[in-house]
Novice: 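Got a structure for you, questions after.
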Amino acid sequence: MSSSSSAKALIKTLIKNPTRIKTKHQAKQLHAQFLRTQSLSHTSASVIISLYTNLKLLHEASLLFHTLDSPPVLAWKSLIRSFADQSLFSRALSSFVDMRASGRCPDHNVFPSVLKSCTMMSDLRFGESVHGYVIKLGLDCDLYTCNALMNMYAKLQGMMGLKTSARKVFDEMPQRIDSVRKVFELMPRKDVVSWNTIVSGYAQSGMYEDALRMVREMGSDDIKPDAFTLSSVLPVFSEYVDVNKGREIHGYVIRRGIDADVYIGSSLVDMYAKSARIEDSERVFSHLLRRDSISYNSLVAGYVQNGRYNEALKLFRGMVNAKVRPGPVAFSSVLPACAHLSTLHLGKQLHGYVLRGGYGDNMFIDSALVDMYSKCGSIKAARKIFDRMNVHDEVSWTAIIMGHALHGHGHEAVSLFEEMKLKGVKPNDVAFVAVLTACSHVGLVDKAWGYFNSMTEVYGLNPGLEHYAAVADLLGRAGKLEEAFDFISNMRVDPTGSVWSTLLSSCSVHKNLELAEKVAEKIFAVDSENMGAYVLMCNMYASNGRWKEMARLRLRMKKLGLRKKPACSWIEFKNKTHGFVSGDRSHSSMERINEFLKEVMEQMEKEGYVADTSGVLHDVDEEHKRELLFGHSERLAVAFGIINTEPGTTIRVTKNIRICRDCHVAIKFISKITEREIIIRDNSRFHHFNRGSCSCGDYW
DNA sequence: GTAGGGTTAG
């Protein structure tokens with residue numbers, strides 16, 4: 001037999017059974033044999049193209065394809081499917097267009113790839129025209145094509161929804177889901193993929209009840225939920241925070257023996273974390289046989305959501321060490337941990353990682369970076385990132401507004417809030433927390449009232465505790481104590497101890513003992529063990545010489561077994577964190593710090609500052625009283641100077657000592673060594689010391 | 001042809 005006829009014979013058997021060619025080498029050999037004998041018909045070429053594409057030899061397939069002047073259907077199909085498989089979606093779509101232009105009629109095998117390409121390219125219009133073509137060809141009863149159609153509608157309508165306003169999604173979603181539903185209803189036969197597609201469509205559109213209903217319905221259609229179904233519905237329970245339903249599914253998953261599935265695993269990790277059961281998340285995570293970036297990130301995010309910031313950072317490092325490459329989502333999850341811990345050096349490292357990874361244009365990451373820089377004291381860097389963002393949503397606006405508010409730039413924060421509204425971004429409840437905080441820090445009582453009222457009147461938002469607390473705080477600071485009392489008493493939500501506590505401290509500042517007593521009783525009624533309230537009241541009684549009342553209160557504390565929890569502040573310097581717990585004198589430079597504090601106090605008094613020692617407990621000598629007046633922030637500022645200075649160097653206190661607007665006591669000093677700006681974060685407030693620009697001002 | 005994790009506040 002000639003080589004030409006043997007090749008032809010081989011092709012014939014291949015058409016019947018193409019799996020006989022298994023390696024790339026065999027495929028290329030066969031192709032070469034045809035070229036040698038010059039007998040490559042269109043049919044044979046198509047078979048070789050499909051062999052090439054099955055073996056992922058896209059380049060070879062493409063070259064051979066372009067030698068054909070009128071490629072047959074099989075050749076087109078192989079090429080289109082292979083483009084889609086290799087994620088070359090736009091080439092898949094343009095090949096489909098070319099195929100139609102060449103007059104070839106596609107069959108049912110082509111459409112799943114084409115529709116997937118439309119989905120990935122977010123090209124709904126093209127997808128709809130493909131749908132029309134499917135109907136014209138009478139292929140609208142093909143199982144795979146219908147599944148792909150449903151997936152496309154569910155995904156693209158959901159995706160478009162995220163990019164437009166929530167209202168639009170709300171208005172358009174039902175009819176859009178209908179098109180998915182319509183395809184679904186008309187299908188003559190449905191398999192588990194069809195059910196899973198509609199379940200995840202509902203779940204991802206937030207239509208949780210419908211998603212769950214479909215899971216129940218699939219049972220009556222005799223189709224068992226599989227790993228796909230379960231990983232689609234578990235997030236529903238995370239959202240609902242229904243840990244019992246989630247546990248039921250967990251049990252089912254274990255009985256089915258699919259509990260090591262990474263998809264289900266990360267859903268379970270997330271579900272337990274969102275239900276504040278982080279130990280269960282850890283357990284599920286530790287049992288996973290394989291961990292990818294999503295399963296790692298589910299736990300990282302879980303730690304952050306539960307305030308376990310150090311563990312989040314540790315696991316993030318663990319992920320990197322395990323050679324699992326963090327995706328963009330990982331950064332937006334872990335950055336808040338840096339923000340909360342004020343670890344600027346780590347945040348900067350992550351920022352570098354983000355830029356190198358090419359994730360520089362992601363709204364989630366940018367908003368997280370804005371927040372991180374601002375919480376770590378570098379409002380300039382935060383603002384720079386914010387200004388460079390192409391689009392701003394309510395989250396990024398809120399992050400920058402809150403940043404300015406916390407840095408004491410109340411007016412700037414308010415004008416940013418106005419700008420946000422002008423740009424057509426609707427403030428949400430968090431944005432109102434930010435703007436009210438800003439008003440509170442600069443004493444804009446009337447503005448705050450206006451904003452507070454606009455929440456309900458203009459935006460239909462119900463004020464929450466934080467909003468009430470901000471207004472109450474503002475009224476209190478402005479000395480409108482009675483007004484604040486009435487305001488809190490008439491809240492639509494039951495006031496908590498912490499709302500009353502802001503008023504109590506205002507009473508203390510404005511020395512209104514009578515009202516303070518009323519407020520304290522309100523606090524003890526809802527929170528009988530509120531330590532802060534006891535301490536404040538004791539101090540107020542002491543400064544008024546009301547020893548009897550004070551003794552009574554102290555006895556009450558003793559009976560309740562209350563002990564003051566030590567407060568803690570910390571400062572990061574040269575990649576080292578220096579922590580100071582109140583009453584703890586273990587810091588290696590504590591002696592110098594206290595010495596320096598004394599010097600600062602003396603300097604301040606020379607400048608005319610009169611220490612108000614009346615609020616300090618009476619059984620302490622005058623010298624100690626003055627020392628006690630220094631809060632954490634001052635101690636930290638001084639600590640910074642001490643740590644930052646070689647031993648033996650004199651630190652001079654400059655003449656222009658300032659009193660911090662927020663905490664009423666602050667110092668301004670210049671160390672001889674650096675002229676850095678010193679920023680202290682104490683609870684949620686920032687104190688700026690020194691002059692010059694922050695080393696982090698130019699963040700890169 | 002189908003699936004999982006993310007940013008602001010508290």
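Side chains are part of it too, since the values below use all heavy atoms of this structure and drop only hydrogens, waters and symmetry mates. Keep in mind it's a predicted model, so treat the numbers as computed, not measured. By convention in this document, chain letters (A, B, ...) are assigned in the order of the sequence lines, proteins followed by strands, and residues within each chain are numbered from 1.
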Novice: Would you tell me if any nitrogen or oxygen in the side chain of A:N297 comes within less than 4.0 Å of OP1 or OP2 on B:dG6?
Specialist: no
Novice: Give, ordered by number, those residues of residues 282-293 of chain A having at least one heavy-atom distance below 4.0 Å to an atom of DNA chain B; if nothing qualifies, reply none.
Specialist: A:D292, A:S293
Novice: Of the listed nucleotides (B:dT7, B:dT8, B:dG4), which one gets closest to any side-chain atom of A:T398?
Specialist: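 Of the candidates, B:dT8 comes closest.
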Novice: Is it the case that B:dG6 (base atoms only) and A:S333 (side chain only) share a donor and an acceptor within less than 3.5 Å, ignoring hydrogens and angles?
Specialist: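 It does not, because no donor-acceptor pair links the side chain of A:S333 to the base of B:dG6 below 3.5 Å.
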Novice: Expressed as a whole number of angstroms, how long is the span from A:M214:CE to B:dT2:P?
Specialist: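 Taking atom P of B:dT2 as the reference, CE of A:M214 is at 18 Å.
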Novice: Between the base of B:dT2 and the side chain of A:T197, is one N or O donor paired with an acceptor at under 3.5 angstrom?
Specialist: no
Novice: Identify which nucleotide among B:dA9, B:dG4, B:dA3 has an atom closest to any side-chain atom of A:P235, counting heavy atoms from C-beta outward.
Specialist: B:dG4
Novice: Testing A:F285, A:Y303, A:F316 for ring pair (Phe, Tyr, Trp, His ring centres under 6.0 Å) with A:Y296, which one passes?
Specialist: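 The single option meeting the ring pair (Phe, Tyr, Trp, His ring centres under 6.0 Å) with A:Y296 is A:F285.
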Novice: Using a 4.0 Å heavy-atom cut-off, does A:D261 contact any base of the nucleic acid, only the sugar-phosphate backbone, or nothing at all?
Specialist: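 Base: the residue A:D261, judged by heavy atoms under 4.0 Å, touches a nucleobase.
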Novice: Nearest to the side chain of A:S200 - B:dT8, B:dT2, B:dG6?
Specialist: B:dT2
Novice: Measure from the side chain of A:V395, starting at C-beta and using heavy atoms only, and say which of B:dT8, B:dG4, B:dT2 lies closest.
Specialist: B:dT8
Novice: Any base atoms under 4.0 Å from A:D191, or only sugar-phosphate, or nothing? Heavy atoms, all strands.
Specialist: base
Novice: Is A:V269 touching bases, backbone alone, or none of the nucleic acid, heavy atoms closer than 4.0 Å?
Specialist: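 A:V269: no heavy atom of the nucleic acid under 4.0 Å.
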Novice: Could you check whether A:I365 gets within reach of a base, just the sugar-phosphate, or nothing at all, counting any heavy atom under 4.0 Å?
Specialist: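 Touches a base.
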Novice: Counting neighbours of NZ on A:K274 that are heavy atoms of other residues, nucleotides or ligands and sit closer than 6.0 Å, is the number greater than 12?
Specialist: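 Yes, enclosed.
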Novice: For A:S298, which contact category applies under a 4.0 Å heavy-atom criterion: base, sugar-phosphate, or nothing?
Specialist: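 Counting heavy atoms under 4.0 Å across all strands, the contact made by A:S298 is with sugar-phosphate only.
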Novice: Can you tell if the side chain of A:L230 reaches within under 4.5 Å of the side chain of A:I258, non-hydrogen atoms only?
Specialist: yes
Novice: A:K155 side chain: which of B:dG4, B:dA9, B:dT2 is closest?
Specialist: B:dT2
Novice: Among B:dG6, B:dT8, B:dT2, which is the nearest nucleotide to the side chain of A:Q305?
Specialist: B:dG6
Novice: If you check every side-chain atom of A:S231, which of B:dT8, B:dA3, B:dT2 has the closest atom?
Specialist: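 Comparing B:dT8, B:dA3, B:dT2 against the side chain of A:S231, the answer is B:dA3.
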Novice: Output the rounded distance in Å from CZ (A:F228) to P (B:dT2).
Specialist: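 Distance check: A:F228 CZ to B:dT2 P gives 8 Å.
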Novice: Heavy atoms under 4.0 Å, any strand shown: does A:M363 hit a base, just sugar-phosphate, or nothing?
Specialist: base
Novice: Rounded off to whole Å, could you give me the NE2-to-P distance for the A:H351 and B:dT7 pair?
Specialist: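 Rounded to whole Å, this separation is 18 Å.
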Novice: Should A:F364 be counted as stacked on B:dT7, where stacking needs a ring-centre gap under 5.5 Å and an angle between planes under 30 degrees?
Specialist: no
Novice: Are more than 12 heavy atoms from other residues, nucleotides or ligands located less than 6.0 Å from atom CG of A:N321?
Specialist: yes
Novice: Using the ring of A:F184 (Phe, Tyr or Trp, six-membered ring only), decide whether A:K190 places NZ or CZ under 6.0 Å from its centre and within 45 degrees of its axis.
Specialist: yes
Novice: Quick one: is B:dG4 close enough that its OP1 or OP2 comes under 4.0 Å of any side-chain N or O from A:K274?
Specialist: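 Indeed not, no polar side-chain atom of A:K274 lies that close.
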Novice: Among residues 79-86 of chain A, which contact DNA chain B at a heavy-atom distance under 4.0 Å?
Specialist: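 Heavy-atom contacts with DNA chain B come from no residue of residues 79-86 of chain A; none.
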Novice: Kindly say if A:Q204 contacts the phosphate of B:dG4, meaning a side-chain N or O under 4.0 Å from OP1 or OP2.
Specialist: yes
Novice: Go through B:dT8, B:dT2, B:dG5 for me and flag the one nearest to the A:K375 side chain.
Specialist: B:dT8
Novice: What's the CD1-C1' distance between A:I264 and B:dA3, to the nearest Å?
Specialist: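 Nearest whole value for this atom pair: 9 Å.
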Novice: Out of B:dG5, B:dA3, B:dT8, which nucleotide sits closest to the side chain of A:I294?
Specialist: B:dG5
Novice: Using heavy atoms and a sub-4.0 Å distance, could you list which residues of residues 317-330 of chain A are near DNA chain B? By number, please.
Specialist: A:P328, A:V329
Novice: Remember a base hit wins even if backbone is also touched, and classify A:A301 as base, sugar-phosphate or nothing at under 4.0 Å, heavy atoms.
Specialist: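 Sugar-phosphate contact only.
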Novice: For A:H392 and A:V425, run side-chain contact (heavy atoms from CB on, under 4.5 Å): C-alpha distance rounded to whole Å, both residues' side-chain angles, the deciding distance at 0.1 Å, then the answer.
Specialist: CA-CA 8 Å; A:H392 298 118; A:V425 177; 5.7 Å; no
